Amino acid sequence: MYAALFLLYVVVEIAALVLVGHAIGVLWTVLLLLGGTLIGLLLMRSQWRRVMDGLRRAAGGDGSPGAAVADGALVALGSALMFVPGLVTSVLGLLFLIPPTRWALRPVVVLLAGGRAATVAAGAEAFARAPRRGRGEVIEGEVVDEVFEGEVIDEDPRTPTRDPRVLP
């Protein structure tokens with residue numbers, strides 16, 4: 001199955017490069033690939049910052065955890081597609097990195113993830129609203145050290161001792 005998917009990927013990418021190269025020329029196709037990669041790298045950097053800010057806001061209770069998680073998943077997918085060589089994967093990666101496209105695809109991501117995304121979002125929301133440690137009630141108490149009195153038979157615990165008063 002993976003071999004068939006890889007073969008499909010190769011065929012689609014080669015067909016796209018041939019069609020675009022025939023339509024606009026080889027030099028412009030190469031420049032298009034390089035420009036798409038540069039724009040993708042710039043978008044990745046800015047969108048990851050945006051995702052992290054959204055996650056911080058959601059953790060603080062200001063934003064929606066579900067939207068932050070879905071945005072993170074879409075940016076991660078777009079970033080991964082930008083590293084796969086090819087024209088089609090670069091265009092798909094750019095689409096996942098552009099904020100309006102992510103806004104439109106958020107419901108699809110939640111639908112595909114199903115109950116798992118709802119569970120993660122509910123857990124993140126509960127975590128954001130949970131009281132933090134260190135703010136609890138202090139209970140006054142006293143520590144008591146117990147002292148046992150007795151005789152030390154052998155100070156080196158590695159060597160077994162034999163008490164002559166015990167049966168041989």
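Keep in mind that what you see is a predicted model, and the values were worked out from it rather than measured.
Taking hydrophobic clusters as Ile, Leu, Val, Met, Phe, Trp and Tyr residues chained together by side-chain heavy-atom distances below 4.5 Å, L43 does not share a cluster with W103. A continuous path of ILVMFWY side-chain contacts below 4.5 Å connects L8 to V88, so both sit in one hydrophobic cluster. Connection of L19 to V91 is not established within any shared hydrophobic cluster, with ILVMFWY side chains joined at heavy-atom distances below 4.5 Å, either directly or through further cluster members.
Through side-chain heavy atoms spaced under 4.5 Å, either directly or across other Ile, Leu, Val, Met, Phe, Trp or Tyr residues, V10 is tied to F6, Y9, I14, V18, V84. Hydrophobic clustering, defined by side-chain heavy atoms of Ile, Leu, Val, Met, Phe, Trp and Tyr closer than 4.5 Å, groups V20 together with L17, I24, L27, W28, L31, L32, L33, L87.
Residue pairs that meet the salt bridge (charged side-chain N to carboxylate O under 4.0 Å, His left out) test with at least one member in residues 13-31, sequence neighbours left out, do not exist here. Listed by first and then second residue, the salt bridge (charged side-chain N to carboxylate O under 4.0 Å, His left out) pairs involving residues 29-54 are D53-R56 (not counting sequence neighbours). A salt bridge (charged side-chain N to carboxylate O under 4.0 Å, His left out) check over residues 61-81, counting only residues at least two apart or in different chains, returns the pairs D71-R102, D71-R106.
With contacts defined as side-chain heavy-atom distances shorter than 4.5 Å, the pair F96/Q47 does not qualify. Annotation: side chain of L41 is in contact with side chain of M44 (closest heavy-atom distance under 4.5 Å). Using a 4.5 Å cut-off on side-chain heavy atoms (C-beta onward), S79 and L97 make contact.
To the nearest 0.5 Å, atom CG of residue L74 and atom CG of residue L95 are 11.5 Å apart. Here the CG-CG distance, from L81 to L77, works out to 4.5 Å after rounding to the nearest 0.5 Å.
The nearest pair of heavy atoms linking A58 to A68 is CB-CB, 4.3 Å.
Not a single side-chain hydrogen bond (donor to acceptor under 3.5 Å, both in side chains) links T29 to another residue, sequence neighbours left out.
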